[in-house]
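Sequence lines set the chain letters: A, B, ... in the order given, protein chains first and strands last, and positions in each chain run from 1.
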Amino acid sequence: MLTYDPDDTLAHRLDPRSKLGVQIGFAATALAHTGSRALLILSVIAALILLAARVSVLRALYAYRFALVFLGLAPLLAGLTLGSPWFDLGDAETSARASYRVLLILLVSAAYVRSTPIRASRAAIQRTIPGKPGQLLGVGVSLIFRFLPVLQADIRTIRDAMAARLGDERGVVDRASTIGLLGLTRAFDRADRLALAMQARCFAWNPTLPHLSFSRLDYPVLALAVVLVLSALL
Amino acid sequence: METEGSSVELVDGDVVRQFARAAVLAALLGAVAPVAIPLPLSPAPLTLQVLFVFLAGLVLGPVWGSVSMLLYLTAGAIGIPVFAGWEAGLGTLFGPTGGYLWSYPVAAALIGAVVHRGTDLRDPAAVPLPIVVVALVMGTIVIYGMGTGYAAWLLELEAWEAIAGFALPFIPGELLKMAAAIAIVQSGRIEPIQS
């Protein structure tokens with residue numbers, strides 16, 4: 001599983017906003033180009049980004065193994081044809097190039113995940129998106145971070161209780177609706193208590209945020225983001 | 001030390017309650033990502049994420065249902081492991097299953113709009129069954145349409161190839177999830193917040 005890893009690499013010292021910019025720029029240009037030269041340049045950039053965040057490529061690939069199944073499946077599906085020649089290499093190659101650029105996009109986002117704590121991303125969201133939508137998005141994301149382990153424990157408890165009562169031998173719909181109903185009622189009980197607690201603590205549209213600032217390092221990275229976005233139009 | 005003087009602008013009680021539910025539902029969607037129930041005679045196991053997309057539209061309504069799904073996507077994009085298989089990162093939103101993820105807010109809004117006929121919430125247990133079924137079928141079509149359409153464009157596949165790889169293995173599970181969503185809503189144990 002990919003998560004934030006405290007470290008002192010170049011990527012860790014950058015402002016989250018410039019890193020988000022680079023990711024979006026990289027994705028935009030990778031989605032626009034599948035030529036051999038473009039793929040080579042994108043590979044080099046991706047490798048540099050991974051190096052800057054000291055991401056282990058093997059760990060990142062393992063974290064994205066489910067996506068890799070689909071990426072590996074695509075060229076096979078594209079190549080298979082009904083009737084002669086049964087497997088069309090040209091189609092498979094086009095699809096393989098397309099899959100490869102997606103792999104690069106995934107690896108670049110692994111660098112962001114490893115080098116950025118959630119609270120910094122939250123501050124970046126709240127400062128970049130103006131007004132109430134930004135506030136709700138920022139607070140909502142930190143609530144998800146807070147409640148994810150709690151709800152995972154709830155779901156585990158429900159499944160254990162079901163298994164103890166041989167609930168795992170029942171029909172699929174029965175099991176799905178039991179987990180869904182119990183998970184949702186527990187979650188909404190928590191949400192209602194949370195809402196009461198937030199109101200008691202004066203939940204406001206204008207809270208105080210952690211300090212974020214661009215350093216000298218951030219300007220070249222921002223420039224790279226702009227170049228990447230513009231290169232999508234080439 | 002820096003200080004800032006400004007008046008506090010409190011959030012309305014109704015908004016806080018709906019927002020708290022939206023955020024918790026988004027977290028729940030992340031928590032059930034690893035739950036997989038094996039289906040007889042099907043290569044793909046039943047995962048519960050789409051069930052909670054249905055429930056977001058049914059219980060939270062068109063506005064807060066889609067807010068909840070947007071929160072889920074944002075949380076995943078900045079690195080909280082909420083996507084299927086504990087994945088996280090902006091890359092997943094552009095990855096092979098990205099189209100499915102982007103369809104969640106649209107599907108939740110559509111289901112909510114059909115079931116609640118607007119932004120004022122009704123008790124979904126009191127809504128006639130055919131309307132709920134139509135809403136869920138429309139939501140499923142949106143999810144699979146966007147999911148396979150995006151995969152076909154991204155990986156340069158033809159329509160039937162994308163459908164064979166990204167939709168057909170999951171269809172039996174979808175029907176069962178609709179049945180589960182209807183059973184949950186009809187139980188009447190979950191009440192929407194009516195303002």
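Ranked by heavy-atom pairs under 4.5 Å with chain B, the first of A:L143, A:L148, A:I105, A:V113 is A:L148. Counting heavy-atom pairs closer than 4.5 Å to chain A, the top-ranked of the candidates B:T74, B:L25, B:V15 is B:T74. Interface remark: of the candidates B:F19, B:F166, B:Y72, B:F19 forms the most heavy-atom pairs closer than 4.5 Å to chain A.
For A:A204 against B:V11, the heavy-atom pair with the smallest separation is C-CG2, 3.7 Å. Considering all non-hydrogen atoms of both residues, A:A187 and B:V24 come closest at O-CG1, 3.3 Å. Taking both residues in full, the closest heavy atoms of A:R65 and B:E87 are given as N-OE2, 4.4 Å, listed atom of the first, atom of the second, then distance. For the residue pair B:T92 and A:L106, the shortest heavy atom distance occurs at N-CD2, 3.6 Å. Shortest non-hydrogen contact noted between A:F147 and B:A27 is CB-CB, 4.1 Å. Here the closest non-hydrogen pair linking A:A176 and B:A180 is CB-CB, 4.0 Å.
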Could you walk me through whether A:V108 and B:L90 satisfy the side-chain contact (heavy atoms from CB on, under 4.5 Å) test, starting with their C-alpha distance in whole Å, then the side-chain angles of each, then the deciding distance to 0.1 Å, before giving a yes or no?
CA-CA 9 Å; A:V108 167; B:L90 200 61; over 6 Å; no
Should B:L154 and A:L31 be marked as a side-chain contact (heavy atoms from CB on, under 4.5 Å) after you check the CA-CA gap, both sets of side-chain angles, and the distance that decides it?
CA-CA 8 Å; B:L154 181 76; A:L31 291 181; 3.3 Å; yes
Output, in order, the C-alpha distance, side-chain angles, deciding distance and verdict of side-chain contact (heavy atoms from CB on, under 4.5 Å) for A:D192 and B:R21.
CA-CA 7 Å; A:D192 293 345; B:R21 284 188 165 199; 3.2 Å; yes
Please report the C-alpha distance between B:F83 and A:F66 in whole Å, then the side-chain angles of each, then the deciding distance to 0.1 Å, and finally whether the side-chain contact (heavy atoms from CB on, under 4.5 Å) criterion is met.
CA-CA 10 Å; B:F83 296 142; A:F66 288 99; over 6 Å; no
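In this structure, B:F170 and A:F70 have tilted ring planes: the angle between them lies in the 30° to 60° band.
The distance from atom CG of B:L51 to atom CG of A:L184, rounded to the nearest 0.5 Å, is 8.5 Å. In this structure, CD1 in A:I144 is found 6.0 Å from CD1 in B:I80, a value given to the nearest 0.5 Å. Interatomic distance, CZ of B:R189 versus CG of A:L181, reported as 4.5 Å (0.5 Å rounding). To the nearest 0.5 Å, atom OG1 of residue A:T3 and atom CH2 of residue B:W86 are 12.0 Å apart. Summarising the geometry, atom CZ belonging to A:R175 is positioned 11.5 Å from atom CG belonging to B:L176; distances are rounded to the nearest 0.5 Å. Atom CD in A:Q199 sits 9.0 Å away from atom CG in B:D12 (nearest 0.5 Å).
Both the backbone and the side chain of B:F94 come within contact range of chain A, with heavy atoms under 4.5 Å apart. With a 4.5 Å cut-off on non-hydrogen atoms, B:W160 touches chain A through its side chain but not through its backbone. For chain A, the nearby part of B:E158 is the side chain; its heavy atoms alone come within less than 4.5 Å. Of the atoms belonging to B:V67, not a single heavy atom falls under 4.5 Å from chain A. Only the side chain of B:L55 has a heavy atom closer than 4.5 Å to any heavy atom of chain A. In this structure, the portion of B:A183 lying under 4.5 Å from any heavy atom of chain A is its side chain and not its backbone. Proximity to chain A (any heavy atom under 4.5 Å) is shown, for B:L28, by both the backbone and the side chain.
Considering only heavy atoms from C-beta on, B:L60 comes within 4.5 Å of A:F188 through its side chain. Residues B:P81 and A:L2 are not in side-chain contact: their nearest non-hydrogen atoms beyond the backbone lie 4.5 Å or more apart.
Looking at A:S95, its side chain never comes within 3.5 Å of a backbone N or O of B:E156 through a donor-acceptor pair. Of the possible polar contacts, one joining the A:S109 side chain to the B:G91 backbone as a donor-acceptor pair under 3.5 Å is found.
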